[in-house]
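Whatever order the structure lists ligands and atoms in, that order sets their numbers, starting from 1. Below, each value reflects all heavy atoms present in this structure, side chains not excepted, and no hydrogens, waters or symmetry copies. As the structure is a computational prediction, the values presented were derived from the model and not from experiment.
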Amino acid sequence: MRVLVTGGAGFIGSHLCETLINKGHQVFVLDDLSTGRFENIEHLTDITCVIDSTLNQEVVRDLVKEVDVVYHLAATVGVQLVVNQPIRTIINNIRGTETILEETCRYRRRLLITSTSEVYGKGARAIFHEDDDRVIGATHLHRWCYAASKEIDEFLALAYWREKRHPVVLVRLFNTVGPRQTGRYGMVIPTFARQALLGEDLTVYGDGKQTRCFAAVQDVVPAMVQLMETESICGEVFNIGNNESVSMEDLAKRIITRTKSSSTIRYVPYDQAYGPGYEDMRHREPCLDKINKAIGYKPAISLDEILDAVIEDTRQRLRRDV
Ligand code: UDP
């Protein structure tokens, strides 16, 4: 098949392209290289890469016409970036998805859109189920513009399915990690790995008791492909992630141990890390029952395996940078 991956030069996108090529598909990438990097896909031969934005409707239309199915990953992501550039976040995430939906519907191309566990907001539940209520913070707290933009994407996609029978699937990715993820936009594991390898303090935000579940990109990507290939699934939202929960304090300790680093932990107040009035969520864990029932999904890669892979990748990058 001919497959378009928007955001294909990003961390998750590049792993998806690799998987699709290994399955024998012809892959097209649309990426504006804002947070994605060409190095992420330069090892992939037989790939067509268009450097442009999903906001460019003509380019989107030409590419969508060329292909059979579309994976839409392009978005402004990373808490640090979202907080610093809320206009860019809102416009890219809403208008970009709007354009992709319009064009894929015009040519009836099956579409998978990546949403995010952020849409659950600061809901009090320990485990988030797809049908749970969402609790999003006040509009002057810019962090929430990312969740709100992705919620609109979800509403619009589900409306396209309901009103036009446009075949679209939504996935809510929980913290996804693995090689090639950069810490530049705030992601915690590559940040801690880099700090530990450089012998710097590991910057744990808040009290460090907040928890997350990290999923390996090698678990997440095949699940996305399987959902795309299961054509009977349309107009549905699925969590994808892992259930192994860890506090940020423990995460920092584990990374220090696994890198045999002399680094210590430095606790940084949220205000200092992200500016005044920042709200973090205490816990975030996916309910995976729905995706398990649909495609038999079960994450197979443990947190320690993920950490070792990211540490090794960071080590190699640091060597290259020197
Ligand atoms: N975090 C941290 N130190 C850092 C970067 C992040 O303690 O240098 C924390 C952050 O406050 C959050 C968790 O790690 O509680 C995960 O952050 P990330 O940005 O990776 O993803 P999020 O779950 O916030 O989308």
Contact between Glu118 and ligand 1, counting heavy atoms under 4.0 Å? yes
Give me the ring orientation class for Tyr205 and Tyr274: parallel if the planes are under 30° apart, tilted from 30 to 60°, perpendicular past 60°. perpendicular
Between Val188 and ligand 1, does any nitrogen or oxygen pair lie at a separation below 3.5 Å? yes
Please confirm whether Gly186 comes within less than 3.5 Å of ligand 1 when only nitrogen or oxygen atoms on both sides are compared. yes
So for Arg143, does at least one of its heavy atoms come nearer than 4.0 angstrom to any atom of ligand 1? yes
Mind checking whether Thr203 contacts ligand 1 via backbone (N, CA, C, O), side chain (CB onward), both or neither, at a 4.0 Å heavy-atom cut-off? both
Judged by heavy atoms only, the candidate from Tyr278, Tyr270, Tyr274 nearest atom 10 (C) of ligand 1 is Tyr274
Could you walk me through whether Trp161 and Glu236 satisfy the side chain to side chain donor-acceptor pair (under 3.5 Å) test, starting with their C-alpha distance in whole Å, then the side-chain angles of each, then the deciding distance to 0.1 Å, before giving a yes or no? CA-CA 9 Å; Trp161 164 244; Glu236 296 280 347; over 6 Å; no
Could you tell me whether Gln195 and ligand 1 have an N or O pair separated by under 3.5 Å? no
Indicate whether any N or O donor in one side chain lies under 3.5 Å from an N or O acceptor in the other, for Arg61 and Tyr107. no
Mind jotting down which residue pairs meet the salt bridge (charged side-chain N to carboxylate O under 4.0 Å, His left out) criterion with at least one end in residues 294-304? Sequence neighbours excluded, please. Arg254-Asp304, Arg258-Asp304
Pairing of Arg266 and Glu200 as salt bridge, 4.0 angstrom limit: no
Can you list the steps and then say if Gln210 with Tyr270 is a side chain to side chain donor-acceptor pair (under 3.5 Å)? CA-CA 12 Å; Gln210 70 273 34; Tyr270 283 117; 3.0 Å; yes
Nitrogen or oxygen atoms of Thr191 and ligand 1 under 3.5 Å apart: no
Scan for salt bridge (charged side-chain N to carboxylate O under 4.0 Å, His left out) pairs involving residues 139-153, sequence neighbours excluded, and state none if there are none. Glu118-Arg143, Arg134-Glu151, Arg143-Asp280
Can a non-hydrogen atom of Arg284 be found less than 4.0 Å from any atom of ligand 1? yes
